[in-house]
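In this text the structure is predicted, and so the values were computed from the model without any measurement.
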Amino acid sequence: MERISVDRPSLVVRAFELARSGRCRSVQDLKSQLRSERYGAGEIQAHLEGRLTVSQLKGAIADALANKGAPVP
């Protein structure tokens with residue numbers, strides 16, 4: 001079993017870091033990235049399914065993509 005560092009950010013903090021980074025083009029991309037970083041599927045669902053959170057993440061993704069000059073999906 002792989003040991004996860006206690007220094008890693010919480011799932012919500014990491015989700016917003018990714019959203020603002022411009023690396024993810026959608027909330028689904030963001031969730032896939034979180035899974036690849038070994039955040040649990042149940043944890044992702046529990047914390048990133050609320051309408052307000054999804055709306056905020058979409059806004060952060062759109063802002064990041066607009067700042068990079070990429071078309072917003």
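Note that OH of Y39 is 15.5 Å distant from NZ of K31, once rounded to the nearest 0.5 Å. Between the CG atom of D63 and the CZ atom of R20 there is a distance of 9.5 Å, given to the nearest 0.5 Å.
The side-chain hydrogen bond (donor to acceptor under 3.5 Å, both in side chains) test applied to S32 returns R35, not counting sequence neighbours. Residues satisfying the side-chain hydrogen bond (donor to acceptor under 3.5 Å, both in side chains) criterion with Q56, sequence neighbours excluded, are absent altogether. For Q45, the side-chain contact (heavy atoms from CB on, under 4.5 Å) test picks out E49, with sequence neighbours left out. Under the side-chain hydrogen bond (donor to acceptor under 3.5 Å, both in side chains) criterion, R14 pairs with E17, E37, sequence neighbours left out. For A64, there are no side-chain contact (heavy atoms from CB on, under 4.5 Å) partners two or more places apart in sequence or in a different chain.
The shortest side-chain heavy-atom distance between K58 and V27 falls under the 4.5 Å cut-off.
For D29 against S26, the heavy-atom pair with the smallest separation is N-OG, 3.0 Å.
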Go through L48 and L30 one step at a time and tell me if the side chain to side chain contact (heavy atoms under 4.5 Å, CB included) criterion holds. CA-CA 10 Å; L48 302 183; L30 190 143; 4.1 Å; yes
With side chain to side chain contact (heavy atoms under 4.5 Å, CB included) as the criterion, how do T53 and H47 come out once you've worked through the C-alpha distance, each side chain's angles and the decisive distance to 0.1 Å? CA-CA 8 Å; T53 303; H47 293 289; over 6 Å; no
Go through it in stages, so that I can follow the logic: the residues are S36 and Q33, the test is side chain to side chain contact (heavy atoms under 4.5 Å, CB included), and I'd like the CA-CA distance, side-chain angles, deciding distance and then a yes or no. CA-CA 5 Å; S36 75; Q33 179 61 36; 3.5 Å; yes
List the steps and the verdict of side chain to side chain contact (heavy atoms under 4.5 Å, CB included) for L18 and L34. CA-CA 9 Å; L18 289 169; L34 289 168; 3.8 Å; yes
